Amino acid sequence: VNGNCTKKVSNIFYVDNTKPTGTLVLNSKASGGIVVTTTASDSNSGIKEYGYLIQTDSSCPTSGYTISKNNSYTFSVENPGTYYVCTKIIDNAGNENIVSNSIYHLGKPSEYSESGEYTYVVPLSGYYKLETWGAQGGGYNDLGGSGGYSVGTVFLEKNTKIYINVGGEGSFSSSETSYGGYNGGGNGYFQGSYENKRYYSSGGGATHIALRSGKLSTLSNNIEDILIVAGGGGGGYADTSTSVNNSGGDGGGYVGNNGQQTTTGWGSFGYGGTQTAGGKPVCDSSTCSSNTGNIGQVGDASGSFGQGGSHTVTANGGGGGYYGGGGSVHVQSAGGGSGYIGNNLLTDKVMYCYNCTTSNVTGLKTQSTTCKNTDAVQNCAKKGGGYAKVTFLEASDTDNRTINSREYNYINKEQQFIVPLKGYYKIEAWGAQGGGYNNSGGSGGYSVGTVFLEKDTKIYINVGGVGNFSSSETSYGGYNG
């Protein structure tokens, strides 16, 4: 034009006005936090950053967000309740989209430190960590046996009620009856004319959590409802005029510790409770030489289911437990009560007790510890009163759950399984061995299969009992035929 050369340039501009999209997954942490994970997409300019906000109102605002380059963010939240999380997704063109989700946050663990029964109503279906510490037995100058520690995980449905019974610490006296700690501690009985010299003590109570209300001793016909037990310590003995001191047996584990004996005094010491029987009061040729009982088991101070033993004369009381420790007679000390983690609903389970017998058997797993503490410390024996803690492990707004395998051992009665989630289940069954001297009984068979079960369906399990043998009496058949 007018002798000048011209060039036409044409640029094509694309305007991105499409909002990014995304979804949120929320997780509630027992440590007191809510974690949000954002899955976002933008096919045009791409994702630039995220804004995060938490509130108790369901309506998301347009401002007040914390900006982050990460698609995951953790809010610090302590109080229980329903929380709404808003995430602002921002793309590189400046387009914004706010997405939200809600979750029920349970807050920090529920803890129980005073003796007595408590009711916990499950606020949300999920897995819960149960921890129990048994109470210390009574004893002058801290001679009472320590309580044990038991821990495990259980899946609980929303609105289920569980009952927590916290064991009470034992007491001691030289002039009056020392009544056993709450939930199974055996009584201690003083000896007249030795006031301020000879101190007799009662046993510490067990701490247990169950699906049924009541002290442990009332649940012998409802063992399947007992979730977990930590045994209490046995009562100790002290004589300030002769310096004869016998510490009570420590509680907990699959078998409680025995009480102590001294060859310079009379009487019987208490054995620890086991998984099948209460501890017995026992003496030997030294301590029974001036005792009215025979060498071996003496008196009526045996422990029983959920109850530590108590003699009716001068004595120290056994610790409460799944089976209580044996009470002692005269100057010896009493045994500790046993713990319990045998419920098939319970997983990731173990018991700890002070300098005790260990086991790696499923349902009996016991670790020995040298730790004793007046506070409720994980994996540590307990001094003072009992303690319990219920912790919600993790909640999610998705329904993808893995149901842990559950095993059923022989208990001489029918057991029940309630299907927690619709789906396919593998069922395995082993028959019991027949009776026979020198293990000559025929072995049981094995059957396996898969079945689809609806949620809340009840199935009934009958585990066969092993056969018996005898040369002098009738050998009754094992349970279930």
Side-chain angles (χ1 to χ4, degrees), residues 132-139 143-150 167-172 178-189 200-208 215-217 220 229-237 246-261 267-283 297-311 315-330 332-340 351 353-357 366 381-383 386:
T132 53
W133 290 261
Q136 182 180 13
L143 289 171
S146 60
Y149 170 72
S150 299
E169 183 179 3
S171 57
F172 64 90
S178 300
Y179 292 102
Y182 176 82
N183 207 22
N187 294 336
Y189 296 95
Y200 295 87
S201 309
S202 60
T207 298
H208 79 274
K215 293 181 181 179
L216 190 56
S217 60
S220 60
V229 179
Y237 171 82
N246 286 314
S247 297
D250 299 287
Y254 81 100
V255 55
N257 283 355
N258 297 338
Q260 289 184 332
Q261 63 171 328
S268 57
F269 66 98
Y271 269 22
T274 71
Q275 295 295 292
T276 57
K280 308 289 186 182
V282 176
C283 57
Q297 179 184 338
V298 297
D300 57 356
S302 297
S304 58
F305 183 86
Q307 179 63 51
S310 298
H311 206 285
N316 300 292
Y322 184 60
Y323 278 91
S328 66
V329 179
H330 218 311
Q332 318 302 344
S333 63
S338 61
Y340 174 74
M351 297 177 284
C353 42
Y354 187 78
N355 285 342
C356 60
T357 304
T366 300
K382 184 74 170 64
K383 298 174 69 173

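Start at 1 with the first residue, then count along the sequence. What you see is a predicted model, and the numbers here were worked out from it, not measured in a lab.
- Residues Val329 and His311 share a closest heavy-atom pair of CG2-CD2, 3.2 Å.
- Interatomic distance, Glu169 CD to Lys382 NZ, rounded to the nearest 0.5 Å: 8.0 Å.
- Here Lys383 pairs with Asp142 under the salt bridge (charged side-chain N to carboxylate O under 4.0 Å, His left out) rule; sequence neighbours left out.
- Considering every non-hydrogen atom in both Thr274 and Thr276, the closest pair reads OG1-N, 3.1 Å.
- Of the possible polar contacts, one joining the Asn183 side chain to the Ala206 backbone as a donor-acceptor pair under 3.5 Å is found.
- When all heavy atoms of Gly327 and Ala334 are compared, the pair lying nearest together is CA-CB, 4.0 Å.
- A heavy-atom distance below 4.5 Å is not found between the side chains of Gln332 and Ser268.
- Nearest heavy atoms, Tyr323 versus Gly278: CD2-N, 3.5 Å.
- Tyr182 OH to Thr207 OG1: the interatomic distance, rounded to the nearest 0.5 Å, is 10.0 Å.
- Side chains of Ser146 and Asp250: a donor on one and an acceptor on the other come within 3.5 Å.
- One distance of note links NE2 of His330 with CG of Asn316; it measures 11.0 Å at 0.5 Å rounding.
- Of all heavy-atom pairs spanning Ser333 and Gly235, the tightest one is CB-O, 3.5 Å.
- With sequence neighbours excluded, the residues satisfying side-chain contact (heavy atoms from CB on, under 4.5 Å) with Tyr271 are Asn258, Phe269, Val282.
- Counting all heavy atoms, side chain and backbone alike, Ser302 lies closest to Pro281 at OG-CD, 3.4 Å.
- Using a distance-only test at 3.5 Å, with no hydrogens or angles considered, no donor-acceptor pair links the side chain of Asn187 to the main chain of Ser202.
- Panel note: side chain Gln307, backbone Ser217; no donor-acceptor pair is recorded below 3.5 Å.
- In this structure, CH2 in Trp133 is found 10.0 Å from OG in Ser150, a value given to the nearest 0.5 Å.
- Considering only heavy atoms from C-beta on, Cys353 comes within 4.5 Å of Thr366 through its side chain.
- No donor-acceptor distance shorter than 3.5 angstrom exists from the side chain of Thr132 to the backbone of His208, with no hydrogens or angles considered.
- Two residues are said to be in side-chain contact when any heavy atoms from C-beta on lie closer than 4.5 Å; Tyr254 and Thr357 meet this criterion.
- For Tyr322 and Phe305, the ring centers are positioned less than 6.0 Å apart.
- One distance of note links OG of Ser171 with OH of Tyr179; it measures 10.0 Å at 0.5 Å rounding.
- Residues Ser338 and Val255 have side chains not in contact (no heavy-atom distance under 4.5 Å, counting atoms from C-beta outward).
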key: Intermediate values then yes/no, side chain to side chain contact (heavy atoms under 4.5 Å, CB included), Tyr237 and Tyr200   = CA-CA 5 Å; Tyr237 171 82; Tyr200 295 87; 3.6 Å; yes
